[in-house]
Structures are given as C-alpha cells and as structure tokens.
Number of protein chains: 2
Amino acid sequence: MNTEKQNLTNSTETHAVSDATLRAFIGYRMKRAFNVVRDDLTATLRAFDLRMLTYTALVLIVDNPGLRQSQLADAMDIERPNLVIIIDELERRDLIIRDRVPTDRRAYALKATLAGRQLYERAVAAVTSHEEKLLANLDQGTIKIVFDAFSVIEQAKRRT
Amino acid sequence: MNTEKQNLTNSTETHAVSDATLRAFIGYRMKRAFNVVRDDLTATLRAFDLRMLTYTALVLIVDNPGLRQSQLADAMDIERPNLVIIIDELERRDLIIRDRVPTDRRAYALKATLAGRQLYERAVAAVTSHEEKLLANLDQGTIKIVFDAFSVIEQAKRRT
DNA sequence: TAAAAATAGATATGGAACATAACAATGACA
DNA sequence: TGTCATTGTTATGTTCCATATCTATTTTTA
C-alpha cells in the first residue's frame, strides 16, 4: 500500500545516509572538523592531565604574567564564574599562583610557577606536533586563507 | 627587588593580553570561530524550540526517511546512547515517529511527520539566512577553500 | 565627603553536549 | 544450537557552557 515509503526505507538501507542539506552550512562542516580537532587535542593533553580549558588558561598565564582573572576570562571568551574552578585546579597543581595586587585588593595577578612553565613547554610542543600531523595534507596557502576566514567570522560576532 | 616581575604586571595592565601562542594553532582559531557560529545557531534555533543536536537530527530524518538510530548516530558523529533523549524529544513533540522495521524487530525506522517537515523548512530557512549574514564578508572562493580544508581535517581522523 | 555605581572574584545552580559501562532482545553466523 | 554481533536503552559521569546572586573593594558622582 505505501510502496513509495517502503521504497524510501529500502533506499536508506542500501544507500548512504545523505547529509547534503547540512553540508551546505559552514557551521555544520566546522562542527564536524572541530570534533576531530577537539578529540585529537583531548587525547594529546590527557598525558599532561590537562583539558582544553586548563591548557588554554595555562598558556595565557605563562605568556602574560600578572594577568587578572577578568582579563583571562575575556581572553578565553568564557564567563568569569566558570574560570574559578579552572584557576583553582591549576593552583592546586602548583602550576600557577594567585598573587595579590597591592593596588587593588579585589584582584589577583596570576603567575605561572616554574612547574607551570615547564608543563607549558611540553604541552605546547605536543599540541604543535599533533596539529602538524592533522594538517599534513593542507598547504600553507590554504591554512592562511582558513585563518583569515576564521578572523572574519570572529569579527562578525562583534558586529551583531 | 622583583622589579622585572612588577614591570610585567604593569605591562599586562596597560597592554592587551597576548594570545599569540594559541593563535598559531588552527584548533584554537577554529574553536573561537565555532563559538560565534554556535552562539548564532543557538539564538536562531531558540525560536523553534530546537537545539543544535535536535535540529541536526530533524534535518537528517526528514532527508532520509526510514533511517535507523544507529545510522543517525553515525551520521551525526555521536554515541548511540546520547541519541535516545534527542529522538525522545522529537517524538514527544510529534515531529518524528519511530516506526518498527518488519524485518528487524530490534530496529526503528525514523520518519518525519508533516509537522516535522514543516518545522524543518522554517528552521533551515532561518539558519540559511543567519549563516549568510555571518559570512557576508567572505567571498565564495574563500568559502570553497575553507570547505575543502574542513574535509581534509575530517578525513585526517579516519587515517589515525 | 558620603552615597551610588561599577568591578573582581566567588558560590550556586542548571543546561547542553560529550563519554563509557552494562544490559536485554534480536539477528547473523558457524 | 551455541556464539557473536547488533540495536536500542538505562545509568552515570565529564566537560564546557549559561545565569543569578553575593561580598568586598574601588571608582564615580552629586
């Protein structure tokens, strides 16, 4: 009776699933590519007992000694309350310290310890190596264009 | 005494935070661009009471009537247990149905309802419009190169 | 100079997307 | 006929995200 529907059902059984509608969107393709990058980053950082956000925070603190928590949250594009537990963990592991700011008793100046700087060196080297493998089949010209496109998209947010 | 450190602290106060180390990574730039795309998608879908995953599932089901849950999970690159609550919600809203498969009593054939197909049309149109705005400052050639780069990255996963 | 407003960091709580382990029912295969 | 694989599910936990609200402190305003 409903032979067209049955044909469609059989079609799905014997043919690949079509995601053509979604593939028209850059957002969907970016999500799928980011899944790969995120999984690779997660696997890479596991050896250092780091996650995406604790790694990012550590790198920004090493590169910007004296950074305030509010500055770090801005730089990472995350909400300030969500930063507290990240800083707590890095501090508990003695990778960073929360120094007081003499001129502003509300604020902390975040600084990396020697252990933090050493972990930074190893983690950044590992992430660099892994990302090189992921991008082995992309030439530098393409990567440059992709970087520029990401900047344009990031700035689209600031205009809306 | 520790005047160099104090100078660095003052430096952070008066200069922008540097994220140059992270900006060297495509993964970091992709994450930041994806934050923008995801926020825009979330805002766009809110009007239809959809989220990123329920929207994606609906689109794939409308385009592939008779799809199995395991096929859908593969197509969406998510774990099968995480699909259950997504399908539950779409079914509860009468956007899809779980049809039984006569030849395999374990499986369901997922099909969209009329309401589901109508919501698909409206949601896809809205997402199309919003993404066009996000990409207004990117030319088609650049978008094509970015799409191709994403494919290369997605395929890098299959090779590791 | 005191009050109001803003800022910095924190606690609490919840949502969404992600993961794994284990299970029952069913189908495929040797 | 027994073993292995598949399908969907329940249970549970992790990570990244959001908002509301609070206290202490600093800055601004009248």
Side-chain angles (χ1 to χ4, degrees), chain A residues 12-13 27-28 30-32 34-43 45-46 49-57 66-91 96-110 157, chain B residues 12-13 27-28 30-32 34-43 45-46 49-57 66-91 96-110 157:
Chain A
T12 305
E13 282 191 42
Y28 183 73
M30 188 181 290
K31 166 67 174 153
R32 298 301 297 262
F34 184 65
N35 279 0
V36 173
V37 170
R38 180 204 60 207
D39 289 352
D40 186 73
L41 182 66
T42 297
L45 294 177
R46 186 171 288 124
D49 199 12
L50 288 169
R51 307 185 307 281
M52 182 171 69
L53 292 190
T54 50
Y55 164 75
T56 300
L67 187 67
R68 308 291 180 85
Q69 284 183 208
S70 54
Q71 288 177 296
L72 181 54
D74 283 347
M76 290 175 70
D77 190 33
I78 69 175
E79 303 297 338
R80 283 185 284 109
N82 296 328
L83 191 63
V84 176
I85 203 164
I86 294 166
I87 300 304
D88 282 350
E89 177 177 333
L90 295 177
E91 189 180 44
I96 66 162
I97 57 172
R98 276 170 160 116
D99 259 356
R100 279 292 178 179
V101 177
T103 53
D104 187 341
R105 289 199 302 269
R106 297 169 300 178
Y108 294 109
L110 303 171
K157 167 177 183 166
Chain B
T12 306
E13 280 189 45
Y28 183 75
M30 189 181 290
K31 167 67 175 154
R32 299 301 295 260
F34 184 65
N35 279 359
V36 173
V37 169
R38 181 204 60 208
D39 289 351
D40 186 71
L41 183 68
T42 297
L45 295 176
R46 187 172 288 124
D49 198 11
L50 289 170
R51 307 185 309 280
M52 181 171 71
L53 293 190
T54 49
Y55 163 77
T56 300
L67 189 66
R68 307 290 179 89
Q69 285 184 206
S70 54
Q71 288 178 296
L72 181 54
D74 283 347
M76 291 175 69
D77 190 33
I78 68 175
E79 303 296 339
R80 283 184 285 110
N82 296 327
L83 190 65
V84 177
I85 205 165
I86 294 165
I87 301 303
D88 282 352
E89 176 175 336
L90 294 176
E91 190 180 43
I96 67 163
I97 56 173
R98 275 171 163 115
D99 259 356
R100 279 292 177 178
V101 177
T103 51
D104 187 342
R105 290 198 302 270
R106 296 170 300 179
Y108 294 109
L110 303 171
K157 167 175 183 169

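The analysis underlying the following values was restricted to heavy atoms, covering all of them including side chains, and did not include hydrogens, waters or symmetry mates. Reminder, nothing fancy here: chain letters follow the sequence lines and each chain counts from 1.
Distance, A:L83 CG to C:dT7 P: 18 Å, rounded to whole Å. One interatomic measurement links the two molecules: CG of A:D88 to P of C:dG9, which rounds to 13 Å at whole-angstrom precision. Counting to the nearest Å, the P atom of D:dT14 and the CD1 atom of A:I85 are 11 Å from each other. D:dT26 atom P lies 10 Å from atom CZ of A:R100, rounded to whole Å. Put simply, CG on A:D99 is 16 Å from C1' on C:dG9, counting in whole angstrom units. The OH atom of B:Y108 sits 15 Å away from the C1' atom of D:dT6 (whole-angstrom rounding). To the nearest angstrom, C1' of D:dT15 lies 18 Å from OH of A:Y55.
Residues passing the ring-ring contact (aromatic ring centres under 6.0 Å, His included) test with A:F34, sequence neighbours excluded: B:F34. With sequence neighbours excluded, no residue satisfies salt bridge (Lys or Arg N to Asp or Glu O under 4.0 Å) with B:D74. Not counting sequence neighbours, the partners of A:N35 by the side chain to side chain contact (heavy atoms under 4.5 Å, CB included) test are A:K31, A:R32, A:R38, B:D77. Taking B:R51 as the reference, B:E89 meet the salt bridge (Lys or Arg N to Asp or Glu O under 4.0 Å) condition, with sequence neighbours excluded. Every side chain to side chain contact (heavy atoms under 4.5 Å, CB included) that B:L53 has, sequence neighbours left out, goes to B:M76, B:I86.
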Reading nucleotides 16-26 of chain C from the 5' end, what letters show protein touch, with B for base, S for backbone sugar-phosphate only, - for no heavy atom under 4.0 Å? SSBBBB---BB
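With contacts defined as side-chain heavy-atom distances shorter than 4.5 Å, the pair A:I87/A:Q69 qualifies.
In this structure, A:Q69 reaches the C:dA10 phosphate: one of its side-chain N or O atoms is under 4.0 Å from OP1 or OP2. Side-chain nitrogen and oxygen atoms of A:R68 include none within less than 4.0 Å of the OP1 or OP2 phosphate oxygen of D:dT26. In terms of phosphate contacts, A:T42 brings no side-chain nitrogen or oxygen within less than 4.0 Å of OP1 or OP2 of D:dT15.
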